[in-house]
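What follows is a set of notes on a single structure, which appears directly below.
Chain letters run A, B, ... following the sequence lines, proteins first and then strands; every chain starts at 1.
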Amino acid sequence: MATPKRYWLVKTEPEAYSIQDLANEPKKTTCWDGVRNYQARNFMRDDMKKGDLVLVYHSNANPPAVVGIAKVVRESYPDHTAWDPDDKHYDPKSTAENPRWFMVDLKLQKIFKHPLALPELRGQKPLAEMELLRKGSRLSVQPVRGKEFTCIEKLANG
DNA sequence: GCCAACGTTGGC
DNA sequence: GCCAACGTTGGC
């Protein structure tokens, strides 16, 4: 039995790394490095599986919006940027013997023609319990329910 | 730029 | 283990 596909959402600040940057990568694929939150890490390390689909969200943007879909193409492995003293996300407590932070590889699937801005998502019944829309939610890697993913796909297709 | 909501750190 | 102080996130 194949395990059912799961759905996720990852946040990125477009000024730092946008979905267009992902589109410009060789093979439209990148390692999702720099996550330094334990809950988010656990999702990536333990639960994100090859083939899972991932909504890409632009935070701190005008407007903040879900902008496309990516796919997990490599499951978790240590985030080497934690070992680089010159990296913004350097963490001396993470070592090669005992890595603290992990990442997955994501490949771009689709950029929405019309980004789905936050106000458009609020008020959608199927999204009532969505983590992204919860007040005060800061989780940068979060699970998405099947019905939520479907709803967003529908909205994106007009 | 403001600030509320969070997560982490560290003294005790 | 508590919790105040601090740093960060992220919408507005």
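When rounded to the nearest whole Å, the span between NE2 of His89(A) and P of dG7(C) equals 18 Å. One atom, CE of Met130(A), and another, P of dG11(C), lie 12 Å apart when rounded to the nearest Å. Here dT8(B) presents its P atom at 11 Å from CG of Leu139(A), a figure rounded to the nearest Å. In this entry the distance linking CG of Leu132(A) with C1' of dA5(B) reads 15 Å, nearest Å. One interatomic measurement links the two molecules: CG of Leu133(A) to P of dG10(C), which rounds to 14 Å at whole-angstrom precision. Rounded to whole angstrom, the span from the CD atom of Gln142(A) across to the P atom of dC6(B) amounts to 13 Å. Following rounding to the nearest Å, Asn37(A) (CG) and dT9(C) (P) show an atom-to-atom distance of 10 Å. Atom pair Arg36(A):CZ and dT8(C):P shows a separation of 14 Å (rounding to whole Å applied).
For Arg138(A), whose side chain is taken as the heavy atoms from C-beta onward, the closest listed nucleotide among dG11(C), dC6(B), dT8(B) is dC6(B).
Salt bridge status for Arg36(A) with Asp79(A): present, with a side-chain N to carboxylate O gap under 4.0 Å.
An OP1 or OP2 oxygen of dG11(C) is reached within less than 4.0 angstrom by a side-chain nitrogen or oxygen of Tyr57(A). Distances shorter than 4.0 Å separate none of the side-chain N or O atoms of Lys135(A) from OP1 or OP2 on dA4(B). For Lys11(A), a side-chain nitrogen or oxygen approaches OP1 or OP2 of dG10(C) to under 4.0 Å. Between Arg134(A) and the phosphate of dC6(B), there is a side-chain N or O to OP1/OP2 separation shorter than 4.0 Å.
By the 4.5 Å heavy-atom criterion applied to side chains, Asp52(A) and Lys71(A) are not counted as neighbours.
For the residue pair Ser137(A) and Glu131(A), a side-chain donor N or O sits within less than 3.5 Å of a side-chain acceptor on the partner.
The ring of Phe102(A) has its center no closer than 6.0 angstrom to the ring center of Trp32(A).
Relative to the ring axis of Tyr77(A), Arg74(A) places its NZ or CZ within 45° and under 6.0 Å from the centre.
DNA chain B is contacted by both Asn60(A) and Lys93(A); Asn60(A) maps to the nucleotide lying nearer its 5′ end (nearest heavy atom per residue).
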